[in-house]
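Data block below; observations after.
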Amino acid sequence: MRDAHGREINYMRLSVTDRCSLRCRYCMPAAGVPLAAHADILRYEELLRVARAAVSLGIDRFKVTGGEPLVRRGIADFVRALRALPGVRQVTLTTNGLRLPAMLDELVDARLDAVNISLDTRDNAQYQAITRSAHAADEVLHAVRLCADRLPTKVNAVLLPETADQRIPLARLAEEMPVDVRFIERMPLGVTQIAYIGANEPAHMEVIRCLRAVWPDLHPVDERRGNGPARYFAAAGLRGRIGLIQAVSHAFCADCNRVRLTSTGRLKPCLCYDDGVDLRPLLRGGADDATLREAMRAAILRKPAAHCFAQQEAVTEHKSMNQIGG
Ligand code: SAM
Ligand code: SF4
């Protein structure tokens with residue numbers, strides 16, 4: 001369907017959990033955040049009902065996210081059921097990659113279409129510092145290699161001041177295997193809003209300039225790869241593309257095609273505002289499909305024209321990314 005600003009909304013990010021095996025510094029506080037009660041997290045049947053209503057509104061692509069979606073039991077069966085819904089054209093997943101090697105067969109079998117793997121550094125010690133965990137970047141790299149052989153794969157790296165020397169090593173993944181590597185501007189949400197804002201953000205063209213020292217022919221390409229707002233660059237020596245996601249500095253709101261469902265069932269039209277419609281009371285209160293659909297339509301029609309990350313005081317969303325779904 002079209003929203004009030006004429007944008008075609010065809011993509012939904014479905015958060016299946018707020019739990020996560022990591023505590024990435026820009027996403028969650030060290031102690032974690034108060035987790036939703038299990039009873040408040042939507043059951044898979046409820047998520048599928050929302051997805052069916054979404055399809056009837058013209059949303060036919062879904063991204064399964066979290067928290068860490070692969071920590072939720074039964075996730076591959078959920079992907080299978082979601083992918084099999086009539087009208088669904090694409091189901092993709094975003095993950096920290098740690099459980100991916102163990103689950104890849106099941107997910108491929110469930111007809112998952114593509115995977116995004118988050119990795120901000122190839123340096124093991126730095127990975128531990130950023131994720132506040134004992135895991136190693138090598139575990140994620142192993143997952144990326146396995147996944148790249150089986151499914152379209154993108155690596156997502158949030159740009160952090162301390163990982164400036166990791167741009168070339170991360171971009172080399174696109175040389176070593178057919179994966180896209182995307183550098184994402186950190187968004188001022190949750191912990192980032194409090195602890196990180198004000199730090200010097202690396203400018204995106206600086207990333208491209210840095211990569212051109214190795215791949216001088218790196219050039220923009222006019223391609224849409226997936227459902228996201230990345231701008232892509234190609235070079236003869238790279239098997240995959242380099243992507244830039246400038247969520248803050250280059251507002252792509254005019255082309256925004258997405259809405260988000262939190263794991264507790266709040267349909268959010270925009271990442272930056274604490275606005276949305278709570279679908280859980282409808283799902284559990286006996287509302288019929290038409291009522292559910294109309295509530296979703298109303299939320300989509302409330303989608304604002306643009307985010308407000310550039311004016312911190314206007315941001316009304318104070319939850320962490322793991323609670324929203326990234
Ligand atoms: N756990 C999964 C993962 O890490 O891919 C899925 C959920 S995570 C919230 C989704 C994406 O949001 C990740 O790529 C993560 O790096 C990104 N993210 C989290 N906090 C962010 C922030 N403040 N700014 C930009 N991206 C952020
Ligand atoms: Fe977990 Fe993903 Fe947030 Fe990292 S970015 S803490 S992996 S939800």
Side-chain angles (χ1 to χ4, degrees), residues 13-33 35-36 62-72 75 92-100 103 114-121 126-135 137 139-140 143-144 147 153-161 163 166 170 180-199 201-202 204 226-230 243-250 252 258 260-263 268 271-272 307 309 312 315 317-326:
R13 294 180 71 95
L14 278 179
S15 176
V16 296
T17 181
D18 57 349
R19 271 78 174 158
C20 187
S21 40
L22 300 179
R23 291 280 176 279
C24 300
R25 288 179 176 277
Y26 48 79
C27 179
M28 274 206 234
V33 285
L35 294 175
F62 295 87
K63 168 88 72 204
V64 178
T65 179
E68 173 48 41
L70 298 187
V71 303
R72 181 156 175 188
I75 190 69
T92 59
L93 175 97
T94 178
T95 172
N96 61 29
L98 295 172
R99 288 206 177 174
L100 196 53
M103 301 185 66
V115 176
N116 290 0
I117 301 176
S118 301
L119 179 66
D120 305 324
T121 176
Q126 192 173 47
Y127 183 82
Q128 293 188 345
I130 293 172
T131 62
R132 300 192 189 98
S133 77
H135 289 284
E139 295 173 60
V140 185
V144 173
C147 196
T153 302
K154 296 188 175 102
V155 173
N156 286 341
V158 175
L159 285 166
L160 304 169
T163 55
Q166 286 296 309
L170 286 167
D180 293 345
V181 176
R182 308 180 324 157
F183 294 96
I184 304 179
E185 200 167 66
R186 197 174 45 201
M187 288 178 272
L189 273 175
V191 277
T192 302
Q193 199 169 338
I194 304 153
Y196 259 108
I197 199 74
E201 288 290 2
H204 276 80
N227 299 302
L244 295 183
I245 303 184
Q246 291 168 264
V248 183
S249 62
H250 180 265
F252 32 67
R258 61 189 56 193
R260 299 178 152 79
L261 186 75
T262 70
S263 58
K268 273 182 67 65
L271 196 54
C272 136
H307 71 58
F309 286 135
Q312 262 304 285
V315 177
E317 180 55 86
H318 299 296
K319 289 194 278 305
S320 301
M321 280 293 205
N322 71 301
Q323 297 172 302
I324 305 167

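Just so you know, these numbers come straight off a predicted model, no measurement behind them. All ligand and atom numbering here is 1-based and tracks the order in the structure.
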**Message:** For a quick test of reading the model, state the closest non-hydrogen atom pair linking Ala157 to Asp120 and the distance between them.
**Reply:** CA-OD1, 3.5 Å

**Message:** Within ligand 2, which atoms have a heavy atom of Cys20 less than 4.0 Å away?
**Reply:** 1 (Fe), 6 (S), 7 (S), 8 (S)

**Request:** Please report the closest heavy-atom contact between Asn96 and Cys20, naming both atoms and the distance.
**Result:** ND2-SG, 3.9 Å

**Prompt:** Which atoms of ligand 1 have any heavy atom of Thr65 under 4.0 Å away?
**Reply:** 6 (C), 7 (C)

**Asked** Counting only heavy atoms, which portion of Val158 has something under 4.0 Å from ligand 1: side chain, backbone, both, or neither?
**Response** side chain

**Message:** Quick one: does any side-chain atom of Arg23 pair with a main-chain N or O of Arg132 as donor and acceptor, under 3.5 Å?
**Reply:** no

**Prompt:** Side chain, backbone, both or neither: which part of Cys24 comes within less than 4.0 Å of ligand 2 when only heavy atoms are counted?
**Reply:** both

**Request:** Please find out if atom 4 (Fe) of ligand 2 and some N, O or S atom of Cys27 are separated by less than 2.8 Å.
**Result:** no

**Complete:** Looking at Gly97, Ser21, Ser118, the heavy atom closest to atom 13 (C) of ligand 1 belongs to Ser118

**Message:** If I compare all heavy atoms of Ala36 with all of Arg19, which pair ends up nearest, and what's the gap?
**Reply:** O-NH1, 2.8 Å

**Fill in**
One should read off an interatomic distance between Ser15 OG and Lys268 NZ, to the nearest 0.5 angstrom, of 12.0 Å

**Message:** Just to be sure I'm reading this right: ignoring hydrogens, which of Cys20, Gly67, Cys24, Cys27 gets closest to atom 1 (N) of ligand 1? Compare them by their nearest heavy atoms.
**Reply:** Gly67

**Prompt:** Can you name the closest pair of heavy atoms from Thr95 and Gly97 and give their distance?
**Reply:** OG1-N, 2.8 Å

**Proximal ligand 2 atoms for Asn96, defined as those under 4.0 Å from one of its heavy atoms** = 7 (S)

**Message:** If you compare all heavy atoms of Leu170 against all heavy atoms of Leu119, which two are closest, and at what distance to 0.1 Å?
**Reply:** CD2-O, 3.9 Å

**Request:** Output the list of atoms in ligand 1 that are nearer than 4.0 Å to some heavy atom of Tyr26, sorted by atom number.
**Result:** 16 (O), 18 (N), 19 (C), 20 (N), 21 (C), 23 (N)

**Request:** Decide whether the shortest distance between a heavy atom of Gly67 and an atom of ligand 2 is less than 4.0 Å.
**Result:** yes

**Message:** Any nitrogen or oxygen of Gly66, side chain or backbone, less than 3.5 Å from one on ligand 1?
**Reply:** no

**Message:** Keeping Arg72 on the side-chain end and Val16 on the backbone end, is there a donor-acceptor pair under 3.5 Å?
**Reply:** yes

**Prompt:** Which atoms of ligand 1 have any heavy atom of Glu68 under 4.0 Å away?
**Reply:** 1 (N), 2 (C)

**Request:** Would you give the length of the straight line joining atom OG of Ser118 to atom NZ of Lys154, rounded to the nearest 0.5 angstrom?
**Result:** 12.5 Å

**Message:** Within ligand 1, which atoms have a heavy atom of Asn96 less than 4.0 Å away?
**Reply:** 2 (C), 3 (C), 5 (O)

**Request:** Please confirm whether Asn156 comes within less than 3.5 Å of ligand 1 when only nitrogen or oxygen atoms on both sides are compared.
**Result:** no

**Request:** For Glu185, counting its heavy atoms only, list the atoms of ligand 1 lying under 4.0 Å from any of them.
**Result:** 25 (C)

**Message:** So is Ser15 touching ligand 1 or not, going by heavy atoms under 4.0 Å?
**Reply:** no

**Message:** Please check: side-chain N/O of Arg25 versus main-chain N/O of Ala129, any donor-acceptor pairing under 3.5 Å?
**Reply:** yes

**Fill in**
All heavy atoms of Ser263 vs all of Asp18, minimum pair found to be OG-N, 3.8 Å

**Request:** Determine whether the side chain, the backbone, both or neither of Asn116 has a heavy atom under 4.0 Å from any heavy atom of ligand 1.
**Result:** neither

